[in-house]
Chemist: 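So that we are looking at the same thing, I have put the structure below in structure tokens.
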Amino acid sequence: MKTIIKIAPLVGAMALLAACGTTMEQRAATGAIGGAVAGQVIGGNTGATVAGAAIGGVAGAATTPRRPH
């Protein structure tokens, strides 16, 4: 239960950070930062931080709107 209490605010913050920026690179960077912070809080070690950054970066990049061709 304590882990859920820690995670809830972080999930909201990550969702907001993943949407920051106008380019895919900016969104990937802000998503990676949010993911790294969440990974550190949840896992408390380097592996969790790196995994969180990778997941957050992909999630941030995936939120970039498609440009018309």
Chemist: I'd like to check the side chain to side chain contact (heavy atoms under 4.5 Å, CB included) partners of T22; sequence neighbours left out, ordered by chain and number.
Modeler: Q26
Chemist: Minimum heavy-atom separation for T63 and R27, please, with both atom names.
Modeler: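 In this case the closest contact between T63 and R27 is O-NH1, 3.1 Å.
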Chemist: Restricting to side chain to side chain contact (heavy atoms under 4.5 Å, CB included), what partner residues turn up for A29, sequence neighbours left out?
Modeler: none
Chemist: For residues 33-61, which side-chain donor-acceptor pairs fall under 3.5 Å, sequence neighbours excluded?
Modeler:
residue	atom	partner	partner atom	Å
Q40	OE1	T49	OG1	2.6
N45	OD1	G47	N	3.3
N45	OD1	A48	N	2.8
T49	OG1	N45	O	3.0

